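Scroll down for the structure; my scribbles are underneath it.
Along the sequence shown, residues are numbered consecutively beginning with 1. Remember, it's a predicted structure, so these values are computed and weren't measured experimentally.
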Amino acid sequence: MIDLCELAPQYVKTIAPYQPGKPMSELQRELGLSKIVKLASNENPLGPSPLALEAIHRALPDLALYPDGNGFELKTSLAEMHQLELSNIVLGNGSNDVLELIARAFLSPDTEAIYSQYAFAVYPLVTQAVGAKGKVVPAKDYGHDLEAIAQSVSEKTRVVFIANPNNPTGHFIAGDEIKAFLQKIPKNVLVVLDEAYTEYLDDQLTYNAIDWLNHFDNLIVTRSFSKAYGLAGLRVGCGFAHQDVIALINRVRQPFNVNQLALVAAEAALHDKDFLDKTRAINQAGLLQLENACRTFDLSFIPSVGNFLAIKIGDNALEVYQQLLKRGVIVRPIANYHMPNYLRVSVGLPEENSFFIDQLRIVLQH
Ligand SMILES: *Cc1c(COP(=O)(O)O)cnc(C)c1O
């Protein structure tokens, strides 16, 4: 490492790089395959919401102008939808941006953040990037152990990250359990409830954490437009919290952190009920399709309520991943989550799922 990099903070140098899903264009370049199916990044297989595309077309002529740094229109729609004030909402360049802003606003080198084993990889990244300590609480059956998390809160804890449903496990915690957990957390600890997949929950599981903001000043709920709304490439997400929490986060936010196309597309997608319904239906069918294939192949999996399934392949998981790549299927190895025996497979269109299942059958020689 050149000297100037050597002099960078130790906590930056020790961050493990994020490992994204392999882009289709990269696999195409490497292997020249004609057919590639990517089930690696939990993207919406239906593409973007059509209403979002229309809004983008309308906004194109204005691209010479800076975006609305306050995101007035999108925030107004979100506020109406959730009966909040605009001052309760922060927008991000993806919800990852919101997670990072939370870390920058609330963490520092002498504080700590808590998250579960097998929780979303961005929590350790944003925690370490500001030099704070990450405290990992062992999971229970691949899910968050809320009791243990509550007990591990110390005087140094400023933030607790909870993903519900969690990625990469797909594990879900019932709303009333989360609410009971919030009662146990000291008021000076911010609880981040990351609901990137909440739109996929079926009616019996759905709860409304945004309603709880009335009772918990130390809660922030984050949502994403990358998954069910199909806008991962645009980067837009949001957070809902007490206005003081939002105001503090805004201090460290870039003035124009969300681009104009993302703002108008998200606003339009929010009203695209047909697209959300279709997304949910295709996801439910696809999850079943993947689960049934696992049963046929005698593979166990972690029950998931998201748009992906963590499948236990065995100690040859990386080999299976590579064989699938050669056959044009990109899934996600999750050894970086300390789950080296698993592959995470996103739910695709029925024919994409079938293609994956067919290739897996060949690779496993069933
Ligand atoms: C995909 C994902 C996000 C969303 O990230 P964006 O930055 O909004 O694309 C957030 N949290 C979890 C747990 C996720 O899996």
Is V331 close to L360 at the side-chain level, that is, under 4.5 Å between some pair of heavy atoms?
-> no
Do F161 and D194 have side-chain heavy atoms sitting under 4.5 Å apart?
-> no
Determine whether more than 12 heavy atoms belonging to other residues, nucleotides or ligands lie under 6.0 Å from atom CZ of F256.
-> yes
Step through the shown structure and confirm whether more than 12 heavy atoms of other residues, nucleotides or ligands are within 6.0 Å of NZ on K187.
-> yes
Nearest heavy atoms of L261 and L234, plus distance in Å = O-CD1, 4.0 Å
Please check if any side-chain donor atom of N250 sits under 3.5 Å from a side-chain acceptor atom of R253, or the reverse.
-> yes
To the nearest 0.5 Å, atom CE of M1 lies from atom CG of L7 at 10.5 Å
Rounding to 0.5 Å, atoms CG (L213) and CG (N88) come to a distance of 7.0 Å
Can you check whether Y197 and F308 have ring centres sitting under 6.0 Å from each other?
-> yes
Locate the shortest heavy-atom distance separating N353 from G348; write the atom from each residue and the value.
-> OD1-N, 2.8 Å
With a 4.5 Å limit on heavy-atom distance, are the side chains of V320 and L324 in contact?
-> yes
Under a 4.5 Å cut-off applied to non-hydrogen side-chain atoms, are L219 and L193 in contact?
-> yes
Who pairs with Q323 by side-chain contact (heavy atoms from CB on, under 4.5 Å), at least two apart in sequence or on another chain?
-> E319, K326, V363
Between R327 and L33, the two heavy atoms sitting closest are C-CD1, 4.4 Å
Atom CG in L287, atom CG in N307: separation rounded to 0.5 Å?
-> 8.0 Å
Is any side-chain heavy atom of N188 closer than 4.5 Å to a side-chain heavy atom of T157?
-> no
Mark yes when over 12 heavy atoms from residues, nucleotides or ligands other than Y66 sit less than 6.0 Å from its OH; otherwise mark no.
-> no
Neighbour count above 12 (heavy atom, 6.0 Å) for K13 NZ = yes
So, do Y342 and Y142 have ring centers that fall under 6.0 Å from each other?
-> yes
Do other residues, nucleotides or ligands put more than 12 heavy atoms under 6.0 Å from Q28 CD?
-> yes
Regarding K179 and the six-membered ring of Y207, is the cationic atom NZ or CZ under 6.0 Å from the ring centre and inside 45° of its axis?
-> no
Enumerate donor-acceptor pairs with a distance under 3.5 Å from any side-chain N or O in residues 43-55 to protein atoms, sequence neighbours excluded.
unit_1, atom_1, unit_2, atom_2, d
E43, OE1, K38, NZ, 3.4
E43, OE2, K38, NZ, 3.1
N44, OD1, L46, N, 2.9
N44, ND2, A228, O, 2.9
N44, ND2, T279, OG1, 3.1
S49, OG, L51, N, 3.3
S49, OG, A52, N, 3.2
S49, OG, D272, OD2, 2.7

Search all heavy atoms of C238 against all heavy atoms of F225 and return the closest pair with its distance.
-> SG-CE1, 4.3 Å
Just checking, any donor-acceptor pair under 3.5 angstrom between side chains of R344 and N167?
-> yes
Just wondering, more than 12 heavy atoms not from K184 lying within 6.0 Å of its NZ?
-> yes
Got a sec: does the CZ of R295 have more than 12 other heavy atoms crowding it under 6.0 Å?
-> yes
